[in-house]
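Some notes on the structure that comes next.
Chain A is the first sequence line, chain B the second, and so forth, proteins listed ahead of strands; every chain is numbered from 1.
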There are 2 protein chains.
Amino acid sequence: MEKLSKELIGASTIPIILSILSKNESYGYEIIQNVKKISNGKIEYGDGTLYPVLHKLEKKELIASYWKISDSGRKRKYYKISDKGKKELFTEKENWTVINQIISKLWKIETSLI
Amino acid sequence: MEKLSKELIGASTIPIILSILSKNESYGYEIIQNVKKISNGKIEYGDGTLYPVLHKLEKKELIASYWKISDSGRKRKYYKISDKGKKELFTEKENWTVINQIISKLWKIETSLI
DNA sequence: TTCTATACTTAGAACTTCTATGTATTTTTG
DNA sequence: CAAAAATACATAGAAGTTCTAAGTATAGAA
């Protein structure tokens with residue numbers, strides 16, 4: 001199985017990021033690694049792709065950030081989900097469920113005709 | 001439940017159109033009505049949205065078109081899925097399944113932590 | 001005869017993400 | 001110790017997308 005299509009990646013990026021942040025605070029680089037791992041390499045965000053998305057989410061106040069110095073002395077920008085972000089995530093989940101139902105309905109009918 | 005997000009609509013448009021055309025030949029206006037019905041009004045393509053997508057799919061040779069005059073005398077441009085389009089639909093289904101697994105995995109973990 | 005529904009087209013606006021490039025530090029390897 | 005690789009973030013501009021809006025045209029209903 002190959003990489004996923006751009007459209008699907010695009011549609012899933014925000015719900016995925018919000019989901020990850022709803023479990024633990026995290027920072028850009030770690031999110032990229034995490035998503036790669038979870039998806040078995042099928043989703044690999046470029047850093048130039050993810051960071052602008054994080055900035056956008058912060059601007060919309062769905063997440064908030066703060067700088068932290070790690071033990072190694074490395075600077076990391078941590079992101080945390082906000083209440084608004086949690087609500088948004090809930091809505092995104094509902095949407096995803098609905099579209100899945102529509103699509104699986106279509107595909108079931110079709111399969112039965114083949 | 002409201003209308004779906006643009007991103008999800010965008011990601012699902014091509015698989016949905018190809019699915020519909022894999023069952024029956026159809027034309028733009030009918031596809032719009034059909035999707036509206038199947039989705040209980042949650043997906044309502046504007047005509048200015050759907051037609052360019054059909055043109056794009058035709059240019060990529062995933063579908064082919066021909067004009068037909070209906071009994072009423074009205075001109076309709078019918079679209080038919082091609083072999084290439086069927087392959088594409090298959091790939092899209094695989095992609096959709098994969099992303100669903102990734103996402104539902106994320107959401108399951110999260111739910112169990114709440 | 002006027003309005004609504006049917007039917008298609010396309011230019012341009014608006015919005016996205018992705019590529020490419022830049023900066024900087026820490027860790028690993030030779 | 002020096003070089004290379006990994007870690008970490010930022011952003012301008014390219015490229016691609018869909019959506020809005022406006023236009024054309026005909027059939028049927030009121």
Side-chain angles (χ1 to χ4, degrees), chain A residues 3-17 20-21 25-37 43-60 62-80 92 95 99, chain B residues 3-17 20-21 25-37 42-60 62-80 92 99:
Chain A
K3 292 266 179 67
L4 295 168
S5 72
K6 279 184 191 180
E7 288 78 20
L8 270 179
I9 301 278
S12 60
T13 299
I14 291 175
I16 285 177
I17 294 174
I20 287 175
L21 295 180
E25 298 179 13
S26 188
Y27 55 95
Y29 195 86
E30 193 181 49
I31 293 173
I32 292 170
Q33 310 301 322
N34 197 359
V35 170
K36 189 178 168 184
K37 194 178 122 203
I43 302 177
E44 251 187 287
Y45 300 133
D47 51 357
T49 300
L50 183 67
Y51 291 120
V53 175
L54 290 172
H55 299 160
K56 189 180 76 175
L57 292 177
E58 185 167 28
K59 205 173 158 193
K60 285 184 172 180
L62 302 178
I63 61 179
S65 70
Y66 60 96
W67 286 95
K68 196 152 100 180
I69 312 290
S70 75
D71 293 339
S72 63
R74 199 178 277 289
K75 272 198 322 176
R76 288 169 180 161
K77 198 175 190 175
Y78 275 79
Y79 289 94
K80 185 185 184 330
E92 301 260 11
N95 283 345
I99 196 91
Chain B
K3 291 266 179 65
L4 295 167
S5 72
K6 279 184 192 180
E7 288 78 20
L8 269 179
I9 301 278
S12 60
T13 300
I14 290 175
I16 285 178
I17 293 174
I20 288 175
L21 294 180
E25 297 179 14
S26 187
Y27 54 96
Y29 195 84
E30 192 180 48
I31 293 173
I32 292 170
Q33 309 303 321
N34 197 359
V35 170
K36 189 177 166 184
K37 195 177 120 202
K42 275 160 202 149
I43 303 177
E44 252 188 286
Y45 299 133
D47 49 358
T49 300
L50 183 67
Y51 290 118
V53 176
L54 289 172
H55 299 160
K56 188 180 75 175
L57 292 177
E58 185 167 27
K59 205 173 159 194
K60 285 185 174 181
L62 302 178
I63 60 179
S65 70
Y66 61 95
W67 286 96
K68 195 151 103 179
I69 312 290
S70 75
D71 293 339
S72 64
R74 199 178 276 290
K75 273 198 322 177
R76 287 169 182 160
K77 197 173 190 175
Y78 275 80
Y79 288 94
K80 185 185 184 328
E92 301 261 10
I99 197 92

Has B:Thr49 got a side-chain atom pairing as donor or acceptor with B:Tyr45's backbone, closer than 3.5 angstrom?
no
On DNA chain D, check which nucleotide each of A:Ser70 and B:Ile9 is closest to and give me the residue with the more 5' one.
A:Ser70
Rounded distance in Å - CG (B:Leu50) to P (C:dC8):
9 Å
Just checking A:Thr49: base, sugar-phosphate only, or nothing, at a heavy-atom cut-off of under 4.0 Å?
base
Could you please name the option among C:dT6, C:dT10, D:dT18 that lies closest to any side-chain atom of B:Val53?
D:dT18
Nearest-Å distance for atom pair CD1/C1', residues B:Ile69 and C:dA7:
12 Å
It should be established whether A:Lys6 places a side-chain nitrogen or oxygen under 4.0 Å from OP1 or OP2 of nucleotide D:dA15.
no
Output yes when at least one side-chain N/O atom of A:Arg76 is less than 4.0 Å from OP1 or OP2 of D:dA8, else no.
yes
Of the nucleotides D:dC9, C:dT9, C:dT26, which one has an atom closest to the side chain of B:Lys77?
C:dT9
Which sits closer to the 5' end of DNA chain C, A:Ile14 or A:Arg74, going by the nucleotide each is nearest to?
A:Ile14
Keeping the roles fixed (side chain from A:Glu92, backbone from A:Ile14), state whether a donor-acceptor pair exists under 3.5 Å.
no
In whole Å, what is the span from the CD atom of B:Glu30 to the C1' atom of C:dA5?
15 Å
Let me know the distance between OH of B:Tyr27 and C1' of D:dA25, rounded to the nearest Å.
16 Å
Would you kindly compare B:Glu7 and B:Gln33 by the position of their nearest DNA chain C nucleotide and give the one closer to the 5′ end?
B:Gln33
Nearest atoms (heavy-atom pairs only) where B:Glu58 meets B:Tyr79
OE1-CE2, 3.8 Å
Contact between A:Val35 and A:Thr13 at the side-chain level, heavy atoms closer than 4.5 Å - yes or no?
no
Any side-chain N or O of B:Tyr51 under 4.0 Å from OP1/OP2 of C:dC8?
yes
Closest to the B:Lys56 side chain: D:dT11, D:dT17, C:dT6?
D:dT17
Quick one: label B:Gly48 by what it contacts on the DNA or RNA (base, sugar-phosphate, nothing), any heavy atom closer than 4.0 Å.
base
Do A:Glu25 and A:Tyr66 have side chains that get closer than 4.5 Å, going by heavy atoms?
yes
Could you state the atom-to-atom distance from CG of A:Leu54 to C1' of D:dC9 in whole Å?
10 Å
Given C:dT26, D:dT11, D:dA10, identify the nucleotide with an atom nearest to the side chain of A:Tyr79.
D:dA10
Check the distance between C:dT27's P and A:Asp71's CG and give it to me in whole angstrom.
10 Å
Gap between atoms OH and C1', on B:Tyr29 and C:dT9 respectively (whole Å):
16 Å
Write down the distance between CD1 (B:Ile32) and C1' (C:dC8), rounded to a whole number of angstrom.
10 Å
